[in-house]
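Order of appearance sets the numbers: ligands from 1, and atoms from 1 within every ligand. Throughout, numbering of the chain's residues begins at 1 and tracks the sequence. Basis for what follows: all heavy atoms, side chains included, without hydrogens, waters or symmetry-related copies.
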Amino acid sequence: MIVGTAGHIDHGKTALVRALTGVDTDRLPEEKRRGISIELGYAYLDVPGGPAGERIAFVDVPGHERLVRTMLAGATGIDFCLLLIAADDGVMPQTREHLAIFSLLGLARGLVVVTKNDRVPTARVAEVRAQAVALLVGTPLAGAEVLEVSSLTGAGIDALRERLFDAARATAQREDPGLEFRLAVDRVFTLDGVGTVATGTVHAGRVTVGDELEKAPSGTAANARVRSLHAQNRPVQSARAGERCAVAVAGIAHDALVRGQWLVARGCGISTRRLDVLLTLWHDEEKPLRSGTPVHVHVGSADVLGTVAILRLLDQPAASELDVPLGPGASAWVQLVLRTPIAAWHGDRVVLRDNAAARTLAGGRVLDPFAPVRHRRTPQRFDELAAWSREDAASRLEGLIAASPDGVSVRHWALAEGLLPDRVPPLTEGGVQIHDAASGDWVVGAGHAAAVRRNVLETLAAFHAREPDALGPDAARLRRLAAPRLPDALWRGMLSTLREAGAVVLRGAFVHLPEHALKLSASDERIAQKILPLMSEAGFEGSWVRDLAKDLHEQEAALRTTLARLAQSGSLHQVVRDLYFTQDCVARLAGLARGLAGDAEGTLSAARFRDATGLGRKRAIQVLEYFDRIGLLRRVGDLHRVRSDTTLFEQGTP
Ligand SMILES: Nc1nc2c(ncn2[C@@H]2O[C@H](COP(=O)(O)OP(=O)(O)O)[C@@H](O)[C@H]2O)c(=O)[nH]1
Ligand SMILES: [Mg+2]
């Protein structure tokens with residue numbers, strides 16, 4: 001269990017930790033000289049009779065109003081708070097502010113301790129006690145026990161220690177929700193012979209010596225291996241959520257890691273600049289909070305600047321207009337838009353302070369760390385946020401699948417939760433699951449998948465009715481018509497599911513309903529029989545209508561009509577006017593283009609294509625432009641890329 005102190009400067013926080021543990025947490029020379037705490041201090045206490053080795057960690061925070069930022073870096077992740085009030089002074093500004101912070105962090109476990117009771121008459125202690133009880137009203141700590149102590153005489157210290165032991169025993173029995181490891185870094189230093197050491201609170205999961213970790217926010221991907229560990233100030237093989245931990249890491253220089261960053265299980269690092277959170281404005285705050293307000297955002301041990309965008313006030317169903325402010329004590333879904341990227345996960349606590357870092361305004365918890373830039377106030381998005389608000393992970397995923405017509409990326413969701421994608425709970429609700437090599441698993445709810453299928457089939461039917469002489473739209477066009485917002489991987493998956501089920505037919509670039517087949521006349525068939533061998537001989541060069549007419553002794557105009565029909569039926573391709581290629585030849589050219597554009601460079605120039613095919617420059621360009629037109633390639637400046645959404649000429653596609 002981690003216990004945090006709270007309270008105004010000079011109210012005896014450091015003295016109390018010393019009385020409880022024997023440790024003076026004011027270690028810095030400046031702290032000694034000025035007699036105040038500047039940095040976070042740590043002390044530990046063994047719990048008798050608890051599970052083997054159970055220990056309490058104390059995080060002693062500075063009380064100075066200028067040091068609330070430091071206080072916050074130590075406050076997130078604690079389990080239990082000791083709110084101190086000196087009997088002589090009574091309630092003071094940072095008593096209120098620290099209480100606000102712990103309340104906004106959602107902390108409901110704690111005690112009030114009236115200190116320095118050796119200094120005042122009993123009547124005064126009773127007065128301060130009454131002040132404390134009144135102060136807690138309306139906070140999660142309302143009704144918490146109030147104890148009286150003197151760190152000078154030791155009165156009341158044993159009783160307080162016993163209370164803490166009881167709380168620690170209860171904490172140790174809590175269940176592990178199965179999240180991956182993450183530690184909010186609050187200090188980094190180097191030790192001779194050990195290297196880089198980062199200390200912080202383990203917010204989730206477990207870590208063991210030898211584990212592979214990474215730094216978050218990710219970006220400058222720095223990988224690390226755990227050399228050795230201390231948990232609650234003792235060398236250990238393994239540490240877990242709710243412990244103060246020092247991790248010696250190999251692979252990260254000490255200056256590459258700072259307070260505010262995280263060490264996380266390999267594969268769990270994220271980086272985000274938009275958080276959708278459930279936010280509550282502190283009930284004692286005088287002014288309402290408006291969209292556009294610049295704020296300090298505290299998450300984990302990080303403090304970054306950002307702005308608030310109110311998405312929707314809660315408990316006020318009608319009010320979703322943009323300019324309705326959040327009143328004191330009220331809650332809302334808001335988006336925090338950050339100036340610098342941070343790492344944050346679902347469920348993480350957030351505290352907002354004003355722009356000048358002088359006042360604590362609001363607090364809440366992260367719903368979705370990958371908040372969208374657009375469509376952030378739509379009914380669908382509100383359904384998603386309602387799903388994110390559910391109690392357990394499996395039910396959140398189910399809710400998201402139900403709320404998202406365009407499917408859910410399981411990898412993305414798992415990252416947001418702080419899970420590895422392969423640890424995702426089994427899905428109970430039926431849905432279409434699609435695996436994509438690049439982006440992992442996707443799920444579309446059964447109802448939404450059926451709607452996409454219906455849409456594709458109806459779009460095709462309408463297309464055939466409108467253009468009976470065309471084979472069908474190409475796959476890229478069909479997607480724009482039928483499912484424009486569906487992610488690439490899902491579109492490809494849905495289309496091949498439809499093909500495998502025989503609901504649609506793919507021919508080269510084109511998609512059509514199985515019952516829609518172009519009728520070729522007997523003379524078309526006869527001509528087709530004769531031209532195919534000639535065209536195969538022509539290979540990558542293609543065949544001109546005029547030359548074919550000459551070779552076959554056919555009328556050029558009649559042959560032109562026949563070839564156009566054969567192209568519509570998908571057995572030939574007209575690359576430029578009057579120049580035709582066989583399906584087989586185009587498939588081979590497409591294979592080359594895919595191969596070349598899929599290599600290290602990722603793009604394809606006309607020159608490389610010319611060299612690979614042996615074509616002249618002009619023809620090579622014509623073929624590439626044809627591939628752009630039918631949606632296999634996309635032109636980027638002078639180069640071409642394979643479109644990520646295309647299924648054209650993939651292996652196994654006719
Ligand atoms: N008489 C008396 N003095 C105390 C007590 N607790 C702390 N002090 C004194 O109050 C001053 C501030 O204490 P400190 O623990 O540094 O306060 P902090 O700023 O809240 O950490 C020090 O001079 C302490 O010796 C107490 O219970 N009784
Ligand atoms: Mg102190």
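- By the ring-ring contact (aromatic ring centres under 6.0 Å, His included) test, H283 pairs with no residue at all, sequence neighbours left out.
- With sequence neighbours excluded, no residue forms a salt bridge (Lys or Arg N to Asp or Glu O under 4.0 Å) with R390.
- With sequence neighbours excluded, no residue forms a ring-ring contact (aromatic ring centres under 6.0 Å, His included) with F189.
- Under a 4.0 Å N-O distance rule, the pair E243/R234 does not qualify as a salt bridge.
- With a 4.0 Å cut-off on non-hydrogen atoms, R119 touches ligand 1 through its side chain and not its backbone.
- Nearest residue to atom 13 (O) of ligand 1 from S151, G12, A87 is G12 (criterion: closest heavy atom).
- When the heavy atoms of K116, E31, E148 are ranked by distance to atom 9 (C) of ligand 1, first place goes to K116.
- Under the 3.5 Å distance criterion, with hydrogens and angles disregarded, no donor-acceptor pair is assigned to the side chains of S151 and R18.
- A salt bridge does not link E31 to R27: none of the charged side-chain nitrogens sits closer than 4.0 Å to a carboxylate oxygen.
- Heavy atoms of D118 found under 4.0 angstrom from ligand 1 belong exclusively to the side chain.
- Comment: D186 engages R244 in a salt bridge, judged by a side-chain N to carboxylate O separation of less than 4.0 angstrom.
- Close to ligand 1: S150, with a non-hydrogen atom less than 4.0 angstrom away.
- Ligand 1 places these atoms under 4.0 Å from at least one heavy atom of H8: 20 (O).
- Shown here are the protein N/O/S atoms lying under 2.8 Å from the Mg ion (ligand 2), water excluded: T14 OG1, S37 OG.
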